[in-house]
Amino acid sequence: VFLIYCIILFRFRGFMGAVLKIAGNHQHSLKLLNESSRLYHSFLRWVMAMGLIAFGIAATKSLDVFFRSGTTDFLQGWMTPWITPAVCVLFLWIVAYQVGVLTIVGHVVFNQQFILRLRALRTQLAAFGVLVSTPLVLLWALNGQGVSDRFAWVVGGVVALVLLYSLWRGLQFFIEQKVSILHWILYLCAVEIFPVSFVVLVLVR
C-alpha cells in the first residue's frame, strides 16, 4: 500500500493535489468533474486499488482491536488470511450495486447527465477519502497493541469526518442541481445506506 501511495505521489502529483483541494475550494471539484483524460482515469484506478487494499487492512485490524477475546484465537487461525480478500469482495459488491442502481435510475428519469455528474462527484470524494485516510490506516496497522487500540479511535474519527463531509457535499450537489431534499434522502437510503446495512445484517446473522 505504501508503495502504491508513493507511485501515485510521483506520477499523479497534479491530480492528487487537485483532489485534496476539494475540501477547501469548490472550483477544484467542478474542474475535476469535467476531466475525462486517460491520465486522470488512470490516477483514479490507482487510488481505488490502493483504497480497496487499505480498506481490507483496516477491517482486519478492526477485528483484531475490537474482538480481542476468544474470537481472536479463531480469527488468528485459518480464517485470518481470508479476511482482507473477503472484505474486498463485499466492498466491490456494494460498489457494483450502487453503480447499477444509479444507472437504472438514470434510464428511468431520462437524466443521464445528472447521474454521470453525481457518479463523478462520488468518485472524487472517494478518492479524497482514500488519500486522506490511507496514511493513517498504515500507521495504525504498524503500531503495537497498546498504541494501536488508542490510534483506532483517531482513524475512526477521521473516517467519520470524511463521511460527514461527503454527505454534505452530496447534499450541496443536489441543491445546486435544483433537486429536492426528498430525492436526496431517497438516494441516501437506496444507494448509500441499504447495501451497507444489508451486508452488516448478513454478517451478524
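Residue numbers count from 1 along this sequence.
- If you take OG on S166 and CZ on R122, they are separated by 9.5 Å, rounding to the nearest 0.5 Å.
- Across all their heavy atoms, L44 and A127 have their closest contact at CD2-CB, 4.2 Å.
- Between atom CG of residue L167 and atom CG of residue L163 there is a gap of 7.0 Å, rounded to the nearest 0.5 Å.
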Go through I185 and C189 one step at a time and tell me if the side-chain contact (heavy atoms from CB on, under 4.5 Å) criterion holds. CA-CA 6 Å; I185 295 175; C189 294; 4.3 Å; yes
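- Atom CZ in F128 sits 15.0 Å away from atom OG1 in T123 (nearest 0.5 Å).
- Residues V162 and G129 come closest through the heavy atom pair CG1-CA, 3.7 Å.
- The aromatic rings of F114 and F173 sit parallel to each other, their planes meeting at less than 30°, with 60° as the upper class boundary.
- Between the CD atom of E192 and the CD atom of Q98 there is a distance of 5.0 Å, given to the nearest 0.5 Å.
- Transitive grouping of hydrophobic side chains (ILVMFWY, heavy atoms separated by less than 4.5 Å) keeps L186 and V99 in distinct clusters.
- Taken to the nearest 0.5 Å, the CZ atom of F91 stands 12.0 Å off from the CD1 atom of I53.
- Shortest non-hydrogen contact noted between V155 and L136 is CG2-O, 3.9 Å.
- Cluster annotation: F10 and M50 are assigned to distinct hydrophobic clusters (Ile/Leu/Val/Met/Phe/Trp/Tyr, side-chain heavy-atom contacts under 4.5 Å, transitive).
- Within the 6.0 Å centre-distance limit, the rings of F194 and Y97 are counted as a close aromatic pair.
- Side-chain atoms of I181 and I175, non-hydrogen and from C-beta on, do get closer than 4.5 Å to each other.
- Screening L118, L182, V105 against Y187 for a side-chain contact (heavy atoms from CB on, under 4.5 Å) leaves a single residue, L118.
- Annotation: side chain of F43 is in contact with side chain of I8 (closest heavy-atom distance under 4.5 Å).
- Checking R169 against Q124 by side-chain atom types alone, no donor-acceptor pair falls below 3.5 Å.
- Atom OG in S133 sits 11.5 Å away from atom CG in L161 (nearest 0.5 Å).
- Side-chain atoms of L125 and Y165, non-hydrogen and from C-beta on, do get closer than 4.5 Å to each other.
- In the hydrophobic cluster analysis, where Ile, Leu, Val, Met, Phe, Trp and Tyr join through side-chain heavy atoms closer than 4.5 angstrom, V89 is grouped apart from V196.
- With contacts defined as side-chain heavy-atom distances shorter than 4.5 Å, the pair V95/M48 does not qualify.
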Could you give me the CA-CA distance, side-chain angles and deciding distance for Y5 and L138, then say whether side-chain contact (heavy atoms from CB on, under 4.5 Å) is met? CA-CA 11 Å; Y5 204 96; L138 289 177; 5.6 Å; no
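- Scanning all heavy atoms of the two residues, the minimum distance from A190 to P195 falls at O-CD, 3.9 Å.
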